[in-house]
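Computation of the quantities below employed the complete heavy-atom set of this structure, encompassing side-chain atoms and omitting hydrogens, waters and symmetry-equivalent molecules.
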Amino acid sequence: MGIKTKILFLGACTTIFLSGCGKKSKNQVEVTPKAYPVAIISTQPAGLEIIFPATVRGEEDIEIRPRVDGFIDAIYIDEGSSVKKGQALFKINSPSSEQAVASGQAAVNSSQAQLNTAQVNVDRIRPLAEKGIISPVQLQTYENAYKSAQASLKQAEATLRNAQATREWATVTSPVDGVAGTIPYRQGSLVDKEDVLTTVANTRHIYAYFSLNEKELMEFLKDTKGNNQSEKIKNLPEVTLITADGSPYPEKGRIETISGVVNISTGSVNLRAKFPNNQGMLRSGSSGKIAIPIRLDSVFVVPQEATFTQQDKVLLYKVENNTAKQTIISVRSMPDGKNFAVTGGLFEGDTVIVEGVATLHEGQKIDIQK
């Protein structure tokens, strides 16, 4: 524990004198002193962790929406399925898309016929114009009609390609590799562009989002090396993600971003830590906690069993003039779960009782037995 340990045995002795002085009377009651181990404390370095609630998100969380209106004809995946980029997820029966393709094809056919007619007219008129039978102006008129028919055909073909592309949208595919979320709609459901068919989360890496208030952030960055925030972020220690069941995630993460804007409502700053997730253990949308290691160079360490609480305060017993004195202290939990780092309320060389505090009371006289 690093404490300059000196175990002393303390006892409380209560004697009730009913009569006389200097001699024990037959009515005198003497209580056998009880021993208490104590420690003389001194400062030492300690490694601590500060914990913040976090929300886990995938590296990419993409809402999948249909680009055409219609009925769901087929669902090719199940909830929680792993999907690949370009994989078909849903099939939409979109009559309007089919009609657009049919109309586009008809327009192309009509434009092609008009172009063919214009070509025939130009081929028929050109020899006559060359022989001077008709004027060049008439030939120019037919040539212009041919060029107009060419433009109309190109426009119709572009419209058809657009309609065909829209019809292809009836097959909804995944834009990224990832894991499918819930599917709120089933086969036969009428959907439009506003409906979210599912969410695909790319969880190869996951992001844990958490917040610090301004004071915590300043203290956190104060002792980190770097001339600016970007340099300090690179020098921040690795962090641990504590999952919802209280167990630490085996892979360490790193803080990548610190928001440059303070939330006016909460006075907090958002941070993002990135963790690898090659085994797929973490799911987007889950909750957890971020544990950030910090090191204190000069702090007192006491066992948690030496402390007790009253309302929202933590206290322990110091020994002063052979008397147990309740003392309010400021503490931080240590990673071992057995000790507290005391950041206020104690001084170098104080003697504290480290066991049996439940049997003590304020002002109880203590006999120190060496």
Side-chain angles (χ1 to χ4, degrees), residues 1-16 29-54 210 212-213 215-216 219-220 240 242-248 288-370:
M1 187 169 67
I3 302 175
K4 179 182 175 184
T5 306
K6 179 179 177 183
I7 303 298
L8 308 177
F9 295 94
L10 311 180
C13 180
T14 305
T15 304
I16 303 174
V29 180
E30 185 173 312
V31 178
T32 303
K34 182 179 179 181
Y36 293 94
V38 303
I40 300 175
I41 62 170
S42 60
T43 58
Q44 64 181 60
L48 307 180
E49 287 181 337
I50 49 177
I51 309 295
F52 301 96
F210 61 103
L212 278 69
N213 62 43
K215 180 181 178 181
E216 291 170 334
E219 291 178 350
F220 182 48
T240 300
I242 301 173
T243 55
D245 64 355
S247 60
K289 297 178 181 178
I290 289 292
I292 303 175
I294 60 173
R295 183 171 178 82
L296 300 178
D297 293 328
S298 180
V299 71
F300 302 113
V301 178
V302 299
Q304 291 187 9
E305 64 180 336
T307 66
F308 59 99
T309 59
Q310 287 184 358
Q311 297 179 345
D312 60 344
K313 296 179 174 60
V314 179
L315 300 89
L316 53 64
Y317 282 103
K318 290 198 303 185
V319 179
E320 296 180 0
N321 299 323
N322 296 329
T323 303
K325 297 290 185 179
Q326 291 183 359
T327 303
I328 298 174
I329 56 175
S330 301
V331 300
R332 286 186 174 181
S333 297
M334 297 189 67
D336 60 11
K338 299 178 180 179
N339 296 296
F340 281 138
V342 181
T343 57
L346 294 179
F347 298 93
E348 184 83 16
D350 281 345
T351 300
V352 300
I353 301 173
V354 295
E355 290 182 16
V357 296
T359 63
L360 289 168
H361 60 79
E362 171 68 14
Q364 182 174 327
K365 282 294 183 180
I366 302 297
D367 284 339
I368 299 179
Q369 297 179 352
K370 298 183 180 180

Worked verdict on V301 versus F340 for side chain to side chain contact (heavy atoms under 4.5 Å, CB included): CA-CA 6 Å; V301 178; F340 281 138; over 6 Å; no
Taking it one step at a time, do R332 and V299 satisfy side chain to side chain contact (heavy atoms under 4.5 Å, CB included)? CA-CA 10 Å; R332 286 186 174 181; V299 71; over 6 Å; no
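For the atom pair CG of L315 and CD1 of I329, the computed distance is 7.5 Å after rounding to the nearest 0.5 Å. Put simply, CG on L48 and OG1 on T343 are 9.0 Å apart, with the number rounded to the nearest 0.5 Å. The CD atom of E216 sits 4.5 Å away from atom CZ of F52, with the distance rounded to the nearest 0.5 Å. Note that CD1 of I50 is 4.5 Å distant from CD1 of I292, once rounded to the nearest 0.5 Å. Within the model, atoms OG1 of T327 and CD of E362 stand 8.0 Å from one another, a figure rounded to the nearest 0.5 Å. Here the CD-CG distance, from E49 to D336, works out to 10.0 Å after rounding to the nearest 0.5 Å.
Contact annotation: the side chain of L346 approaches that of K318 to within less than 4.5 Å [non-hydrogen atoms, C-beta and beyond]. I353 has its side chain out of reach of L316: every pair of non-hydrogen atoms, C-beta onward, lies at least 4.5 Å apart. A heavy-atom distance below 4.5 Å is not found between the side chains of Y317 and V352.
Annotation for A291 and P293: closest pair O-CD, 3.8 Å, computed over non-hydrogen atoms. Summarising the geometry of Q364 relative to T359, their closest heavy-atom pair is OE1-O, 3.8 Å, with the distance given to 0.1 Å. Across all non-hydrogen atoms, the minimal contact from V357 to A306 is CG1-O, 3.6 Å. Annotation for T43 and E348: closest pair N-OE1, 3.1 Å, computed over non-hydrogen atoms. Nearest heavy atom pair, residue P53 against residue F210, reads O-CB, 3.2 Å.
No donor-acceptor pair closer than 3.5 Å links the side chain of E355 to the backbone N or O of E305.
A side chain to side chain contact (heavy atoms under 4.5 Å, CB included) with Y36 is found for exactly one of V319, L360, V354, namely L360.
S247 and D245 are linked by a side-chain donor-acceptor pair at a separation below 3.5 angstrom, with hydrogens and angles left out of the test.
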